[in-house]
Amino acid sequence: ECVVMALPVPLRTQFWNDRGRERSRSRVTRTRKKQRGEEGVLRRSWAQGRLSRLLSVFKELAAEHELEALLAKILNCATEISGAESASLLLHNAEKGLELRMAKGTSEERWARDSAAQEMAETVWLDGEALVGSGGGPGEHGAGSSGLRSLACIPIRGKAGLRGVV
């Protein structure tokens, strides 16, 4: 464009209106429109896939009437959707506070030793807001002290308010 702008006006006009240039401009424009259309279709199909997965999760959860099976499905769906290696479900007990109710890919003993995860769960319980932490090496505060690269903690809400933490 800088070279063309340096040309005298009559030559500039001739350059821009050249038939070969018009063909290449229209070809590029068609390609760009096609790419934008394909990107839009991909975005819509990705969003529709996420929405249909979310609806299927709601159906699965609504179909379950036994508490233990429901908690297991919640944990399975949470690990599947998040891609997590392990997950823990903690429910609030009026006498004991947050209590490990179910775990997937981890053990109760590991949970008992994992002060960073416990501290994060308590914080989420008190604040009612989700937290994500990424840690340094082992021995540092945060996800690193649990031996994990990252931790995510999400509150579980019910009609009566906060019920627990995943």
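For the single chain, residues carry numbers from 1 onward in sequence order.
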Could you check if a side-chain atom of [X] sits within less than 4.5 angstrom of a side-chain atom of [Y], using non-hydrogen atoms only?
| X | Y | answer |
| --- | --- | --- |
| Lys104 | Ser86 | no |
| Leu98 | Val165 | yes |
| Leu91 | Leu89 | yes |
| Leu75 | Arg101 | no |

Measure the spacing between [atom1] of [X] and [atom2] of [Y] and express it to the nearest 0.5 Å.
| X | Y | atom1 | atom2 | answer |
| --- | --- | --- | --- | --- |
| Leu151 | Glu119 | CG | CD | 11.0 Å |
| Ile74 | Met102 | CD1 | CE | 9.0 Å |
| Asp127 | Glu122 | CG | CD | 11.0 Å |
| Cys153 | Gln118 | SG | CD | 11.0 Å |
| Leu90 | Arg163 | CG | CZ | 15.0 Å |

**Donor-acceptor under 3.5 Å (Asn93 side chain, Glu95 main chain)** = yes
**Prompt:** Between the main-chain N or O of Gly128 and the side-chain N or O of Arg157, is there a donor-acceptor pair closer than 3.5 Å?
**Reply:** yes
**Message:** Taking atom CD as the centre, does Glu66 end up with more than 12 heavy-atom neighbours from other residues, nucleotides or ligands that are less than 6.0 angstrom away?
**Reply:** no
**Message:** Using the rule salt bridge (Lys or Arg N to Asp or Glu O under 4.0 Å), only one of Glu80, Glu64, Glu68 pairs with Lys73; which is it?
**Reply:** Glu64
**Message:** With side chain to side chain contact (heavy atoms under 4.5 Å, CB included) as the criterion, how do Leu70 and Leu61 come out once you've worked through the C-alpha distance, each side chain's angles and the decisive distance to 0.1 Å?
**Reply:** CA-CA 6 Å; Leu70 177 63; Leu61 297 179; 3.9 Å; yes
**Request:** Apply side chain to side chain contact (heavy atoms under 4.5 Å, CB included) to the pair Ile154 and Val124, showing each step before the final yes or no.
**Result:** CA-CA 7 Å; Ile154 303 159; Val124 168; over 6 Å; no
